[in-house]
Amino acid sequence: MKIVTLAGGVGGAKLADGLAQLLPPENLTIVVNTGDDFEHLGLYISPDLDTVCYTLAGLANPETGWGRREETFHVLENLQELGGPDWFRLGDRDLATHIERTRRLREGQSLSLITRDFCQAWGVRQPVLPMSDQPVRTMVDTEDGELAFQEYFVHRKCEPKVKGFRFAGIATALPATGVLEAIEHADGIVVCPSNPWVSIDPILAVAGIRSALAAKLVVAVSPIIGGQTVKGPAAKMYTELGVQPSALAITCHYGKILSGFVLDRVDAKFAQNISIPTCVTNILMKNQDDRRSLAQDVLNLIQTL
Ligand code: GDP
Ligand code: CA
């Protein structure tokens, strides 16, 4: 079975890793949000792409879910001493990724080509594709005005109340090489339990991606369990936008594109109100086994559709 999965950072990477444990590498393609990308200290940072790649490579920090394991922060500490900006934490090993990616982008190489080469160096065998090679920047409209995504997410710790989102650059962004082909050849599309507003919506907004999904079996896993997020601001965003956060809200969010939905046992009561086939299971991924067993449940649901 050939699967394409749409992923943000931490939640996306965990399920992609579970799928990678079950499928031959050539049967899994991961399409990753780049709306969080930004320039910092003169470097091009692509947080979700790196989280997915580090996770698949076994290089991710197991405590945080992002950044690298066995990381040190000597550069950041010295930067702090000099009074430089230290609100975005970049580890020493991680910095090498950003330095080399920035160097190659400045030479005119595409983000997808650079990602392919990095994956090869890290031993990641699944194709990991940025959603687009053109810059798309998520902007968060808040009661304090419009903020660039990392300014909202990291610097302001998601505190300002959200009023809406804008994906700057989306009008001219094309899917990266291989994205539409992978979707076309897939037997199923898995929408990871990533933030719908700022991780999945940007991918769906890239020209041609949503319409390519219309002809496909699309299954989503809820990022909301018992009305709450496992991590991050998705539930807070729903509340601030006037929607009660729940597994049901996620199905409404994705609407017509979904053919199946996976929700947690604690949310089993919602299943009867969802008009598409569902799978009720444990969707909290605390370890490798949880990742693999959730991935298996997702594949089983796709098979029954
Ligand atoms: P980010 O880019 O690092 O913020 O990560 P994502 O957008 O991929 O994921 C954030 C979402 O993942 C949040 O809404 C979390 O609730 C959800 N999430 C994180 N871990 C898990 C998990 O183990 N199970 C489920 N179902 N959702 C999770
Ligand atoms: Ca992200």
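Note that ligands are numbered from 1 as they come in the structure, with each ligand's atoms numbered from 1 the same way. The structure presented is a predicted model; accordingly, all values stated were derived computationally and were not measured. Because only heavy atoms are used, hydrogens play no part in the values below, and waters and symmetry mates are left out as well, while side chains stay in.
Looking only at protein heavy atoms, the nearest one to atom 6 (P) of ligand 1 is Gly9 N, 3.5 Å. Considering only non-hydrogen protein atoms, atom 3 (O) of ligand 1 sits nearest to Val10 N, 2.9 Å. Summary of contacts: the protein heavy atom closest to atom 23 (O) of ligand 1 is Met285 N, 2.7 Å. Taking atom 9 (O) of ligand 1 as the reference point, the nearest protein heavy-atom neighbour is Gly11 N, 3.3 Å. Among protein heavy atoms, the minimum distance from atom 8 (O) of ligand 1 is reached at Ser194 OG, 2.6 Å. Atom 13 (C) of ligand 1 has as its closest protein heavy atom Lys231 O, 3.0 Å. At the top of the distance list for atom 24 (N) of ligand 1, counting protein heavy atoms only, stands Ile283 O, 2.7 Å.
Residue-environment remark: CZ (Arg125) stays at or below the threshold of 12 foreign heavy atoms within 6.0 Å. Sparse packing is recorded around CD of Gln228, with 12 or fewer heavy atoms of other residues, nucleotides or ligands lying under 6.0 Å away. The number of heavy atoms from other shown groups lying within 6.0 Å of NZ (Lys269) is above 12.
Contact annotation for Thr229 and ligand 1: heavy atoms of both the backbone and the side chain come within less than 4.0 Å of the ligand. By the criterion of a heavy-atom distance under 4.0 Å, the side chain of Ser199, and not its backbone, is placed next to ligand 1. When heavy-atom distances to ligand 1 are checked against a 4.0 Å cut-off, Lys14 comes that close only through its side chain, counted from C-beta outward. Residue contacts with ligand 1 for Ala234 involve side-chain atoms from C-beta outward but no N, CA, C or O (heavy atoms, distance under 4.0 Å). Only backbone heavy atoms of Ser222 (N, CA, C or O) come within less than 4.0 Å of ligand 1; its side chain stays farther off.
The residue from Ile302, Val4, Val218, Leu28 that alone fulfils the side-chain contact (heavy atoms from CB on, under 4.5 Å) condition with Val190 is Ile302.
Checking only distances, Ile224 never comes within under 3.5 Å of ligand 1, N or O to N or O. Polar contact with ligand 1: present for Pro193 (N/O pair, distance under 3.5 Å). Of the N or O atoms in Val230, one or more lie within a sub-3.5 Å distance of an N or O in ligand 1. Considering backbone and side-chain N/O of Phe153, none are found under 3.5 Å from N/O of ligand 1. At a 3.5 angstrom cut-off on N or O pairs, Leu284 does not count as close to ligand 1.
Nearest heavy atom pair, residue Asp267 against residue Gly227, reads OD1-N, 4.4 Å.
For Thr97 and Tyr54, the side-chain atoms include at least one donor-acceptor pair closer than 3.5 Å. Defined by atom type and a distance below 3.5 Å, a donor-acceptor pair is missing between the side-chain atoms of Asn78 and His74. Between the side chains of Ser112 and Asp133, at least one donor-acceptor pair of N or O atoms lies under 3.5 Å.
Ring pair Phe38/Trp87 is tilted by interplanar angle, where 30° to 60° counts as tilted. Between Phe153 and Phe149, the ring planes lie parallel to each other; the angle is under 30°, not in the 30° to 60° tilted range.
Of all N, O or S atoms in Asp36, the one lying closest to the Ca ion (ligand 2) is OD2. The Ca ion (ligand 2) is closest to atom OD1 of Asp48 (considering only N, O or S atoms).
Checked for salt-bridge contact, Lys163 and Glu143 miss the test: no charged N lies under 4.0 Å from a carboxylate O. Taking a cutoff of 4.0 Å between a charged side-chain nitrogen and a carboxylate oxygen, Asp50 and Arg101 qualify as a salt bridge.
Atoms of ligand 1 lying under 4.0 Å from at least one heavy atom of Gly12, given by number and element, are 8 (O). Interface of Asn195 with ligand 1, defined as ligand atoms under 4.0 Å from a residue heavy atom, comprises 6 (P), 7 (O), 9 (O), 10 (C), 11 (C). Near Asp48, the atoms of ligand 1 lying under 4.0 angstrom from a non-hydrogen atom of the residue are 2 (O).
Linking Ile, Leu, Val, Met, Phe, Trp and Tyr residues whenever their side-chain heavy atoms come within less than 4.5 Å leaves Leu15 and Ile203 in two separate clusters.
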